[in-house]
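A short worksheet on the structure shown next.
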Amino acid sequence: GGAAGISLLFDTSGANPLLKIGGRSVSTDAFQSRTATSPVPTGQYVSLGGVIDFALDTITPYFQGVAENGGTVTFGNNAFTLGTPTGPDRIGAVAAVTITTTRQMDGRIAELSIWSGDIGAQAFQRLAAGWSAQLVAAQLGLTLLAYMRLLGTTSPEPDSVNGLSGTITGSIPQAAHPNIITSLGGVLGVTELGTITAVEGVRRRYW
């Protein structure tokens, strides 16, 4: 409602684009954000994410599964306050009434997941390694609120978790989807730091 909400976007003010995570707890907040430090490369898929903690007044960007430049911000409320929506949520464009090419993401988006709470470094590492959000949620006991595999084959694009959907607007060309791990067979060995040490059996994947 109004300007309240969460955003994952690129800071293009410098020589290289950087991941920026931000939002407002309520529409009267000033926009709060933290920017990662690693340049986002072109020509390849990367894993981008972040944690917005309204109660603790912190934002932590995650680039390729690693936390970067997280820190303190100042939210007006200690929880997200839902207002009256003035338009739909948007993937790949700024949530503005009028969408122009200058407000659209210059790139491709393959997988989108939204979670409840801080999912932790281990979850971000596994997402960056190509695990599906549903597999990560099942393995680590996390609460997944929405998961869209943006395959570009249908519109509306379905959400696999809570029945949401998104309509493709404009003539956006379909692209090859990255290889995603949807299940693990055999024994999975994990160190205390969350690094995968061994996987035996079959990895089932989809394109």
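Counting all heavy atoms, side chain and backbone alike, L127 lies closest to V136 at CD2-CG2, 3.8 Å. Across all non-hydrogen atoms, the minimal contact from I52 to G23 is CD1-N, 4.4 Å. In terms of heavy-atom proximity, N77 sits nearest to S25 at N-OG, 3.0 Å. Listed here is the closest heavy atom pair of E157 and I168: OE2-CD1, 4.0 Å. T58 approaches V73 most closely through the heavy-atom pair N-CG2, 4.0 Å. Across all non-hydrogen atoms, the minimal contact from Y62 to V51 is CE1-CG2, 4.1 Å.
R34 contributes atom CZ, which lies 11.5 Å from atom NZ of K20 (distance to the nearest 0.5 angstrom). The distance from atom CZ of F10 to atom CG of N16, rounded to the nearest 0.5 Å, is 12.0 Å. Rounding to the nearest 0.5 angstrom, the gap separating the CZ atom in R126 from the OG atom in S132 is 12.0 Å.
Side-chain contact between W115 and T143: absent, with no pair of heavy atoms (C-beta onward) separated by less than 4.5 Å. Residues Q174 and T153 meet the side-chain proximity criterion, which asks for heavy atoms closer than 4.5 Å. Taking the side chain as every heavy atom from C-beta outward, L9 and M105 never approach each other to under 4.5 Å. Looking only at side-chain heavy atoms (C-beta outward), L184 and W131 come within less than 4.5 Å of each other. Using a 4.5 Å heavy-atom threshold, the side chains of M148 and S160 count as separate. Between E111 and R149 there is a side-chain heavy-atom pair separated by less than 4.5 Å.
Both L144 and F124 are part of a single hydrophobic cluster, where members link through side-chain heavy atoms under 4.5 Å apart. F80 and I21 fall within a single hydrophobic cluster, where Ile, Leu, Val, Met, Phe, Trp and Tyr side chains are chained together by heavy-atom contacts under 4.5 Å. The hydrophobic clustering, which links ILVMFWY residues whose side-chain heavy atoms are closer than 4.5 Å, places L164 and L112 together. Grouping the Ile, Leu, Val, Met, Phe, Trp and Tyr side chains by contacts below 4.5 angstrom, directly or via other members, places Y45 apart from L150. By the rule that hydrophobic residues join a cluster once side-chain heavy atoms approach within less than 4.5 Å of another member, V161 and I180 end up as members of one cluster.
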side-chain contact (heavy atoms from CB on, under 4.5 Å) for L48 and F63? Distances and angles first, verdict last.
CA-CA 5 Å; L48 306 173; F63 178 82; 3.5 Å; yes
Stepwise side-chain contact (heavy atoms from CB on, under 4.5 Å) test for F75 and R24
CA-CA 7 Å; F75 290 115; R24 295 176 173 88; 5.7 Å; no
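Environment of CD1 in I6: sparse, with no more than 12 heavy atoms of neighbouring residues, nucleotides or ligands closer than 6.0 Å.
Between the side chain of D53 and the backbone N or O of L56 there is at least one donor-acceptor pair closer than 3.5 Å. A distance-only check finds no donor-acceptor pair linking the side chain of S33 to the backbone of G22 [under 3.5 Å]. No side-chain donor-acceptor contact under 3.5 Å links D57 to the backbone of T74. Q64 places no side-chain N or O within donor-acceptor distance of the main-chain N or O of V46, the cut-off being under 3.5 Å. Remark: the backbone N or O of T35 is paired with a side-chain donor or acceptor of N69 at under 3.5 angstrom. Under the 3.5 Å distance criterion, the side-chain polar atoms of D159 are matched with a main-chain donor or acceptor of Y147. In terms of modelled atom types and a separation under 3.5 Å, the side chain of E68 and the main chain of V66 share no donor-acceptor contact. Without hydrogens or angle criteria, D29 side chain to G76 main chain gives a donor-acceptor distance under 3.5 Å.
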